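Structure record follows, encoded as structure tokens.
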Amino acid sequence: YVNWNKIGINIRINSILGKSFTFSSIKTIDLQKKVLIITKNNDEEIQIDLNEYEEEDIFELYEILVIHINAELVNAG
């Protein structure tokens with residue numbers, strides 16, 4: 001489950017509560033072998049395992065993040 005608006009995103013994958021971020025708080029995003037790594041401006045790193053999801057869905061999530069944040073794109077592989 002992913003829900004977003006112009007301010008932020010809530011990613012509820014593999015947990016009940018999920019992770020919520022404002023787009024402005026995200027420093028970098030990295031996608032490696034179906035693991036999404038989000039580094040926040042305070043250098044906190046959050047890893048989200050996406051192994052249970054189709055590549056099409058993973059890249060749709062990645063695209064949402066790319067469109068809405070001013071982050072350094074590290075990798076999409």
Side-chain angles (χ1 to χ4, degrees):
Y1 170 80
V2 175
N3 187 23
W4 75 95
N5 59 30
K6 64 182 179 179
I7 297 171
I9 189 166
N10 181 34
I11 303 171
R12 190 172 6 171
I13 296 175
N14 303 326
S15 74
I16 294 171
L17 299 176
K19 305 284 185 194
S20 294
F21 309 95
T22 59
F23 292 121
S24 63
S25 72
I26 299 174
K27 182 177 179 180
T28 63
I29 54 175
D30 188 4
L31 184 59
Q32 295 183 7
K33 297 180 182 179
K34 291 193 171 187
V35 175
L36 179 64
I37 303 167
I38 298 173
T39 305
K40 297 174 68 176
N41 291 330
N42 65 1
D43 292 325
E44 176 186 1
E45 186 177 280
I46 294 95
Q47 295 188 12
I48 302 172
D49 182 357
L50 302 172
N51 278 307
E52 298 177 21
Y53 299 90
E54 298 292 325
E55 284 193 23
E56 182 179 321
D57 295 330
I58 294 169
F59 283 108
E60 186 175 345
L61 171 58
Y62 189 80
E63 185 176 49
I64 290 166
L65 289 167
V66 169
I67 289 169
H68 288 88
I69 65 174
N70 294 319
E72 175 186 339
L73 304 179
V74 176
N75 186 22

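What you see is a predicted model; the values in this text were computed from it and never measured. In what follows, residues are counted from 1 in the order of the sequence shown.
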* Write down the atom of S20, the atom of N10, and the distance for their closest heavy-atom approach. => OG-OD1, 3.1 Å

* Taking side chain to side chain donor-acceptor pair (under 3.5 Å) as the test, write out the residues that go with N5, two or more places apart. => none

* Report the C-alpha separation of I69 and F21 in whole Å, then their side-chain angles, then the decisive distance to 0.1 Å, and conclude whether the side-chain contact (heavy atoms from CB on, under 4.5 Å) test is met. => CA-CA 11 Å; I69 65 174; F21 309 95; over 6 Å; no

* Asked: Yes or no on side-chain contact (heavy atoms from CB on, under 4.5 Å) for N3 and I9, after CA distance, side-chain angles and deciding distance?
  -> CA-CA 6 Å; N3 187 23; I9 189 166; over 6 Å; no

* Asked: Any salt bridge (charged side-chain N to carboxylate O under 4.0 Å, His left out) pairs touching residues 1-23, not counting sequence neighbours?
  -> none

* Asked: Do H68 and W4 pass the side-chain contact (heavy atoms from CB on, under 4.5 Å) test, and can you show the C-alpha distance, the side-chain angles, and the key distance before you say yes or no?
  -> CA-CA 10 Å; H68 288 88; W4 75 95; 3.5 Å; yes

* Could you walk me through whether Y1 and I13 pass side-chain contact (heavy atoms from CB on, under 4.5 Å), step by step? => CA-CA 6 Å; Y1 170 80; I13 296 175; over 6 Å; no

* Structure fact -> L31 and F59 have their tightest heavy-atom pair at CD2-CE2, 3.8 Å

* **salt bridge (charged side-chain N to carboxylate O under 4.0 Å, His left out) partners of residues 51-64, not counting sequence neighbours, each pair once** => none

Check: residues 35-42 side-chain donor-acceptor pairs under 3.5 Å, at least two apart:
residue: T39; atom: OG1; partner: T28; partner atom: OG1; Å: 3.2
residue: N41; atom: ND2; partner: S24; partner atom: O; Å: 2.7
residue: N42; atom: OD1; partner: E44; partner atom: N; Å: 3.0

* Asked: OH of Y53 to CG of L61: how many Å apart, nearest 0.5 Å?
  -> 10.5 Å

* **Those residues that, when tested against D49, pass side chain to side chain contact (heavy atoms under 4.5 Å, CB included) (two or more places apart)** => N14, N51

